[in-house]
Asks: 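Starting off with a structure, shown below.
A, B, ... follow the sequence lines: proteins, then strands. Residue 1 opens every chain.
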Amino acid sequence: MEPTNSASSTHRAATTWHWPVRDYSLDHTLGCGQAFRWTRVSDAWEGVVGTRWVRLREGDGAIVAETAEAQQDWDWLNEALQLRVDLQAILATFPDDPALAEAVAACGGLRVLRQEPWECLASFMLSATKQIVQIRQIVATLCERFGDAVAVPAGHPPAYAFPRPGQLAELTEAQLRECKAGFRAPRLLAAARAVAEGRLDLDTLGQLPLDDTRARLMALDGVGRKIADCVLLFAGGFDQVFPIDVWVLRALHELYFPRRRPRPSVLRHFSETHFGPYGGHAQQYLFHYLRMRTRGNRSRTMIPAA
DNA sequence: ACCCAGGATGGAA
DNA sequence: TTCCATCATGGG
């Protein structure tokens with residue numbers, strides 16, 4: 001432990017932080033379904049990053065953060081929100097096609113977060129055949145029952161950290177099923193034990209070759225290509241990885257292969273080559289755009305042909 | 001009652 | 001390879 005009272009800094013610990021940034025939409029970034037622990041509370045977003053409760057607002061050309069306890073530094077939040085990323089530079093790498101352009105126009109300021117690997121893996125293991133609102137509920141229950149309480153402002157409802165692998169590893173399958181995890185319960189339990197016992201190392205996620213890392217994730221029971229790719233993109237920083245779920249599958253089919261029946265291998269190859277080095281970001285734009293449209297129209301109508 | 005949800009899996013075609 | 005039923009559970 002290093003002392004926190006050394007007079008080495010020019011700034012004091014504080015509970016508020018101000019970071020100038022352009023093109024950052026909290027609504028699109030925190031509400032698009034890439035993470036499950038953020039909640040909109042009036043004009044702000046509240047969540048827990050690691051063991052810290054935080055409230056975020058869009059200020060005047062900046063993101064303004066507020067914590068319950070004074071922070072010596074804010075690198076943890078800067079990293080989690082990817083505030084140093086130049087969004088325009090990413091958008092410049094996108095292919096010039098009308099469907100993606102429309103999605104980008106509709107989801108301005110959508111960013112890809114950097115999540116904690118274990119929380120990301122566990123959350124997406126719970127996502128299989130669930131609606132996002134239900135995934136959020138399962139994760140919230142898991143945190144309330146088995147996660148450590150974290151400091152919150154006076155009078156604020158309690159908040160909890162995501163349970164560590166070791167905390168979940170000691171549970172029973174029945175306890176996880178009581179959180180509505182269903183058939184995912186035994187798989188999550190096995191994954192927690194693998195991480196807790198050191199058989200799966202998530203600390204080096206992003207530091208090893210993509211294919212090796214993907215294979216290690218998919219070796220887990222309950223982790224297939226899609227969930228592995230979500231972890232690689234959202235926690236591993238593999239920006240080019242393009243997770244294909246039912247929504248994106250429809251989008252690819254309708255937008256890029258209309259009235260055809262491309263083989264899955266063709267669609268996958270297309271998704272890996274068409275969208276460039278930040279394909280995962282493009283995927284998130286398509287995903288969120290399609291869901292916003294569908295939800296808003298209360299129908300399953302696809303995007304009309306251009 | 002019926003269908004679907006940010007899927008994965010084992011077995012059949 | 002590709003297709004299919006099955007796995008829990010809640011909401012439309």
Asks: Side chains of Asp27(A) and Trp45(A): is there a donor and an acceptor less than 3.5 Å apart?
Replies: yes

Asks: For dG6(B) and dG12(C), measure between their P atoms and round to the nearest Å.
Replies: 13 Å

Asks: Evaluate the side-chain proximity of His156(A) to Glu46(A): yes if any heavy-atom separation is below 4.5 Å, no if none is.
Replies: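 The answer is yes, as the side chains (C-beta and beyond) meet within the 4.5 Å cut-off.
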
Asks: When all nucleic acid strands are considered with a 4.0 Å heavy-atom cut-off, which category describes Phe36(A): base, sugar-phosphate, or nothing?
Replies: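 Nothing: the residue Phe36(A), judged by heavy atoms under 4.0 Å, touches no strand.
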
Asks: Which comes earlier along DNA chain B counting from the 5' end, the contact point of Ile244(A) or that of Leu220(A), where each point is its nearest nucleotide?
Replies: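 Here Ile244(A) is the residue nearer the 5' end.
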
Asks: Tell me which pairs pass ring-ring contact (aromatic ring centres under 6.0 Å, His included) where either residue lies in residues 121-149 of chain A, with sequence neighbours left out.
Replies: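 Non-adjacent pairs meeting ring-ring contact (aromatic ring centres under 6.0 Å, His included): Phe36(A)-Phe124(A), Phe124(A)-Phe234(A).
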
Asks: Just to be sure I understand the rule, does Arg263(A) reach a base, reach only the sugar-phosphate, or reach nothing, if contact means heavy atoms closer than 4.0 Å?
Replies: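 Answer is sugar-phosphate: Arg263(A) comes under 4.0 Å of backbone atoms only.
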
Asks: Less than 5.5 Å between centroids and less than 30° between ring planes, does Phe287(A) satisfy that with dG6(B)?
Replies: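 So yes, this residue stacks on that base, both cut-offs being met.
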
Asks: Less than 3.5 Å between a donor and an acceptor, one on the side chain of Gln284(A) and one on the base of dG6(B), is that the case here?
Replies: yes

Asks: Quiz question: by atom type and distance under 3.5 Å, do the side chains of Tyr289(A) and Glu102(A) form a donor-acceptor pair?
Replies: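 The answer is yes; a qualifying pair exists.
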
Asks: Dot-bracket for DNA chain C, please, read 5' to 3', with Watson-Crick or G-U wobble pairs under 3.5 Å on both distances, ( ) within the strand, [ ] crossing, | other strand, . unpaired.
Replies: |||||||.||||

Asks: Under 4.0 Å, heavy atoms only, any strand: does Lys130(A) hit a base, just the sugar-phosphate, or nothing?
Replies: base

